[in-house]
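To keep things clear, I will list the structure first and then write my remarks on it.
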Amino acid sequence: TPTASTGSATKRNCEEERRPICLGRRVCGILLQEAERGARMGIHESGENYLETILLLQRQNGFVRSVDVAGALNYTKASISRAMRILKEQGFVEIARSGQITLTEEGRRRAEGIYERHLCITQFLMQVLGLDLKTADADACRIEHVISEETFQRIRAHIQQDDRIG
């Protein structure tokens with residue numbers, strides 16, 4: 001996840017954004033039975049971050065509005081509005097007249113896949129490389145967007161094997 005400024009939007013580091021919901025949870029391989037990533041094409045890292053954030057806010061609050069996403073990502077409301085418009089055009093979110101944002105079935109599937117990657121990679125970095133939670137979480141936030149499907153599947157299998165043994 002980039003930390004540089006883009007226009008008027010600034011973003012905090014990933015571990016500061018929205019991680020209280022997922023830190024320390026062991027769910028590798030549970031969220032999705034399949035990790036189909038080919039359908040990921042056409043959405044950029046920033047779009048994936050928005051989808052993941054919407055998913056986590058939905059789980060935490062039961063509903064999501066642009067102001068909630070803006071607060072979680074430390075972006076301006078104008079930046080969020082533009083991003084939500086793009087995600088809506090791509091068929092990942094729906095926006096009610098009340099301003100409530102909901103993930104479409106495709107948006108939820110992608111958000112859950114991204115979140116699963118994040119959790120698995122975090123767990124791997126902590127268990128295998130011995131990184132502390134804060135470092136593993138921050139690194140996973142960047143790695144989750146660029147890792148190949150083959151590498152992710154091997155990390156996932158390794159973590160699941162460790163879970164069965166341990």
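Both backbone and side-chain heavy atoms feed into the values below; hydrogens, waters and symmetry mates do not. In this text, all values refer to a predicted model and were calculated from it rather than measured experimentally. Numbers here are sequence positions counted from 1.
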Checklist entry - What are the two closest heavy atoms between Ile101 and Gln58, and how far apart are they? => result O-OE1, 4.4 Å
Next on the checklist: Tell me whether Leu51 shares a hydrophobic cluster with Ile86, the cluster being built from Ile, Leu, Val, Met, Phe, Trp, Tyr side chains joined at under 4.5 Å.
Outcome noted: no
Item to check | Audit row: Asp132, Thr135, side-chain hydrogen bond (donor to acceptor under 3.5 Å, both in side chains) steps and yes/no | outcome: CA-CA 6 Å; Asp132 65 271; Thr135 302; 2.9 Å; yes
Checklist entry - Can Val69 and Tyr50 be said to form a side-chain contact (heavy atoms from CB on, under 4.5 Å), step by step? => result CA-CA 8 Å; Val69 178; Tyr50 285 120; 4.0 Å; yes
Checklist entry - Looking only at heavy atoms, what is the nearest atom pair of Thr122 and Ala140, with distance? => result OG1-CB, 3.1 Å
Item to check | Same apolar cluster (I L V M F W Y, side chains within < 4.5 Å links), Val67/Ile80 | outcome: no
Next on the checklist: Are Leu55 and Ile95 linked, directly or through intermediate hydrophobic residues, by side-chain heavy-atom contacts shorter than 4.5 Å (ILVMFWY only)?
Outcome noted: yes
Checklist entry - Can any side-chain N or O of Thr151 pair as donor or acceptor with the backbone N or O of Ile147 at less than 3.5 Å? => result no
Item to check | Within-4.5 Å side-chain heavy-atom neighbours: Thr104 and Val93 | outcome: no
Checklist entry - Once you round to the nearest 0.5 Å, how far does CD of Glu116 lie from CD1 of Ile121? => result 10.0 Å
Item to check | Interatomic distance, Leu73 atom CG to Ser79 atom OG [nearest 0.5 angstrom] | outcome: 10.5 Å
Next on the checklist: Quick test of your reading of the model: are Lys134 and Asp137 salt-bridged, counting only N-O distances below 4.0 Å?
Outcome noted: no
Checklist entry - Where do Phe152 and Cys120 come nearest, in terms of heavy atoms and distance? => result CE1-CB, 3.8 Å
Next on the checklist: Tell me the closest heavy-atom pair linking Met126 and Ala136, and the distance in Å.
Outcome noted: CG-CB, 3.5 Å
Checklist outcome for this item: With Arg154 as partner, the option from Glu150, Arg156, His158 fulfilling side-chain contact (heavy atoms from CB on, under 4.5 Å) is Glu150
Checklist entry - Just how far is it from atom SG of Cys141 to atom CZ of Arg117, taken to the nearest 0.5 Å? => result 13.5 Å
Checklist entry - For atom CD of Glu89, is the number of surrounding heavy atoms from other residues, nucleotides or ligands below 6.0 Å larger than 12? => result yes
Checklist entry - Can Ile159 be reached from Leu131 by stepping across I, L, V, M, F, W or Y side chains whose heavy atoms are under 4.5 Å apart? => result yes
Checklist entry - Rounded to the nearest 0.5 Å, how far apart are OG of Ser46 and OH of Tyr75? => result 6.5 Å
Checklist entry - Is the closest side-chain heavy-atom distance between Leu87 and Gln90 below 4.5 Å? => result yes
Checklist entry - Is the charged tip of Arg110 near the ring of Phe92: under 6.0 Å from the six-membered ring centre and within 45° of its axis? => result no
Checklist entry - Does the side chain of Leu125 come within less than 4.5 Å of Ile143's, by heavy atoms? => result yes
Item to check | NZ/NE/NH1/NH2 to OD/OE distance under 4.0 Å, Arg109 and Glu106 | outcome: yes
Next on the checklist: What verdict does the side-chain contact (heavy atoms from CB on, under 4.5 Å) test give for Phe63 and Thr102, after you've listed the backbone C-alpha separation in whole Å, the side-chain angles of each residue and the deciding distance to 0.1 Å?
Outcome noted: CA-CA 8 Å; Phe63 63 91; Thr102 56; over 6 Å; no
Item to check | Stepwise side-chain contact (heavy atoms from CB on, under 4.5 Å) check, Glu144 with Glu52 | outcome: CA-CA 11 Å; Glu144 68 193 22; Glu52 185 180 18; 3.0 Å; yes
Next on the checklist: Show the nearest heavy-atom pair for residues Met84 and Ile54, with the distance to one decimal.
Outcome noted: SD-CD1, 3.8 Å
Checklist entry - Can Arg59 and Glu112 be counted as an ion pair, charged N to O under 4.0 angstrom? => result yes
